[in-house]
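Quick notes on the structure that follows.
Worth knowing before you read on, the calculation uses all heavy atoms, side chains too, and leaves out hydrogens, waters and symmetry mates. Remember, it's 1-based here, ligands and their atoms both numbered in the order they're listed.
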Amino acid sequence: MKIVADENMPYVEALFAEFGQIEFVNGRTLTAEQVKDADVLLVRSVTKVDQTLIEDAAKLLFVGSATIGTDHIDLDFLHQRGIAFSNAPGCNATAVGEFAFIALLELAKRLGTQLKGKVIGIVGAGNTGTAAAKCFEAYGLQVLLCDPIKQAEGDSRQFVSLDELIAKADVISLHVPITKEGPHKTWYLFDETRLNTLKPNTWLINCCRGEVIDNHALIKVKQTRDDIKVILDVWEGEPNPIAELVPLVEFATPHIAGYSLEGKARGTFMLYQTLCRLLQKDPSKSLMGLLPPFEFQQRLNTADLDENKLLKMCRLVFDLRDDDALFRQSFHTATGFDLLRKQHTHRREFSALAVNPASDNAISASSDCIKMLHSLGYSQ
Ligand SMILES: NC(=O)C1=CN([C@@H]2O[C@H](COP(=O)(O)OP(=O)(O)OC[C@H]3O[C@@H](n4cnc5c(N)ncnc54)[C@H](O)[C@@H]3O)[C@@H](O)[C@H]2O)C=CC1
Ligand SMILES: O=C(O)C(=O)[C@H](O)COP(=O)(O)O
């Protein structure tokens with residue numbers, strides 16, 4: 001069996017070698033010629049899988065995308081050809097939720113203010129939106145959810161309309177798929193008109209898909225409204241963000257919100273499980289077996305865990321400032337954006353770090369802080 005896999009997908013060798021020969025390819029420049037004799041194709045978000053790419057791949061039985069989003073896949077064409085497909089729903093949701101939380105702590109720090117006390121509006125209450133809400137709620141923040149689709153399906157959580165969310169939230173975090181049609185389409189959901197309705201001093205963070213915000217309109221609005229602060233992990237026209245936008249953004253990263261080692265491992269593992277099912281084979285590998293331990297010990301006086309100290313704890317797993325600095329240095333070169341992603345050092349999720357009270361410090365104030373850290377996702 002021949003497996004063609006993106007070279008930037010960790011753990012493929014460990015999980016898929018048992019099925020046959022693996023050929024690693026550059027997913028961005030993948031051609032029909034390279035996939036024509038593949039039985040299995042494993043891709044990331046940068047590969048457009050459509051008729052042009054796979055028309056001549058007569059043996060292709062499975063396409064797996066180690067991503068949450070499926071906007072790069074022509075699902076109808078795969079269905080027509082009878083080729084099995086799986087993405088990896090939820091694989092990196094925790095990573096995205098923690099990214100949004102850490103990024104907003106960083107923003108508060110940079111602006112000399114506090115995240116504590118802010119009202120957070122989450123647009124899209126699926127896997128990543130829910131993971132983000134979990135972090136904000138663990139930190140005691142009020143969260144408003146907008147998801148008309150889930151609301152219509154009878155989801156028991158409380159929802160608000162987008163207009164109400166914009167009117168009430170101090171921070172807006174975007175977590176929708178990109179869709180171009182239908183009553184809830186998200187392409188340019190935040191166009192110039194909507195951006196102009198943001199209340200003064202709103203913070204806007206996008207870690208879903210770049211085109212959910214009209215980036216040209218954002219430049220225009222930011223030029224007259226510097227009170228709005230923006231964090232962008234995703235960009236219109238990736239891998240070529242509009243250069244003029246970058247200096248207007250407080251934190252800029254190259255589509256790595258989902259890049260935790262755990263998220264990457266889960267993504268590849270979910271595709272492995274699907275292929276095992278398809279081939280009616282019992283999985284012989286385990287997810288936990290893939291992840292290296294994360295060893296770190298530090299004595300913290302958690303009795304007074306203020307926002308500064310919380311941010312320091314978050315920086316133990318992910319220091320967003322490094323990614324922001326690297327992005328500004330090299331996003332504009334021909335391969336800069338993709339190289340930043342390829343060379344990204346996968347961070348760990350909060351769960352990789354265990355937090356326990358020191359035996360001589362088990363006073364009740366510290367145990368509240370420890371409970372909060374456990375609710376955020378740190379292990380016991
Ligand atoms: N920056 C990154 O590294 C990553 C980005 N993503 C992106 O984030 C997107 C969301 O991921 P998940 O939360 O896992 O997907 P999901 O499918 O679990 O949730 C998306 C939610 O958005 C809702 N929604 C759709 N249209 C809406 C609208 N107009 N207004 C409000 N809500 C709407 C849906 O009902 C759904 O509940 C993915 O499709 C992907 O494009 C996902 C992972 C990593
Ligand atoms: O899962 C998704 O959807 C994403 O946006 C991924 O985090 C993108 O990562 P790559 O597939 O481009 O490595």
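Remark: minimum distance from atom 30 (N) of ligand 1 to any protein heavy atom is reached at Pro148 CD, 3.7 Å. Summary of contacts: the protein heavy atom closest to atom 35 (O) of ligand 1 is Asp147 OD1, 2.8 Å. Among all protein heavy atoms, the one lying closest to atom 12 (O) of ligand 2 is Ser45 OG, 2.5 Å. Protein heavy atom in closest approach to atom 7 (O) of ligand 2: Asn92 ND2, 3.3 Å. Closest protein heavy atom to atom 27 (C) of ligand 1: Val176 CG1, 3.7 Å.
Side-chain atoms of Glu98 come within 3.5 Å of backbone atoms of Phe350 as a donor-acceptor pair (strictly under, hydrogens ignored).
With a 4.0 Å cut-off on non-hydrogen atoms, Arg209 touches ligand 1 through its side chain and not its backbone. Counting heavy atoms closer than 4.0 Å to ligand 2, residue Lys264 contributes side-chain atoms (C-beta onward) but none from N, CA, C or O. Only side-chain heavy atoms of Ile68 come within less than 4.0 Å of ligand 1; its backbone N, CA, C and O stay farther off. Only the side chain of His255 comes within contact range of ligand 2, with a heavy atom under 4.0 Å; no backbone atom does. Neither the backbone nor the side chain of Thr67 comes within 4.0 Å of ligand 1, counting heavy atoms alone.
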Audit row: Val249, Ile231, side-chain contact (heavy atoms from CB on, under 4.5 Å) steps and yes/no: CA-CA 6 Å; Val249 165; Ile231 299 172; 5.6 Å; no
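Of the charged side-chain nitrogens involved, at least one lies within less than 4.0 Å of a carboxylate oxygen, so that Glu7 and Lys342 count as a salt-bridged pair.
Taking a 6.0 Å sphere around NZ of Lys116, one finds it holds more than 12 heavy atoms contributed by other residues, nucleotides or ligands.
Tested against Asp6 for a side-chain contact (heavy atoms from CB on, under 4.5 Å), the candidates Val43, Val46, Leu42 yield a single pass: Val46. When each of Val171, Ile205, Ile172 is tested with Ile120 by the rule side-chain contact (heavy atoms from CB on, under 4.5 Å), just one qualifies, namely Val171.
Between Val25 and Gln34 the shortest heavy-atom distance is CG1-NE2, 3.7 Å.
Checked against a 3.5 angstrom limit, the closest N/O atoms of Gly69 and ligand 2 fall inside it. Polar contact with ligand 1: present for Cys207 (N/O pair, distance under 3.5 Å). At a 3.5 angstrom cut-off on N or O pairs, Arg44 counts as close to ligand 2.
With 3.5 Å as the limit, one finds a donor-acceptor pair spanning the side chains of Tyr188 and Glu236. Between the side chains of Ser65 and His72, at least one donor-acceptor pair of N or O atoms lies under 3.5 Å.
Contact annotation: Gly90 has no heavy atom less than 4.0 Å from any atom of ligand 1. At least one heavy atom of Arg341 sits closer than 4.0 Å to an atom of ligand 2.
Among Asp233, Ile68, Asn87, the residue whose heavy atom lies closest to atom 2 (C) of ligand 2 is Ile68.
Note on ring orientation: taking the six-membered ring where Trp is involved, the planes of Phe327 and Phe331 are parallel (angle under 30°, cut-offs 30° and 60°).
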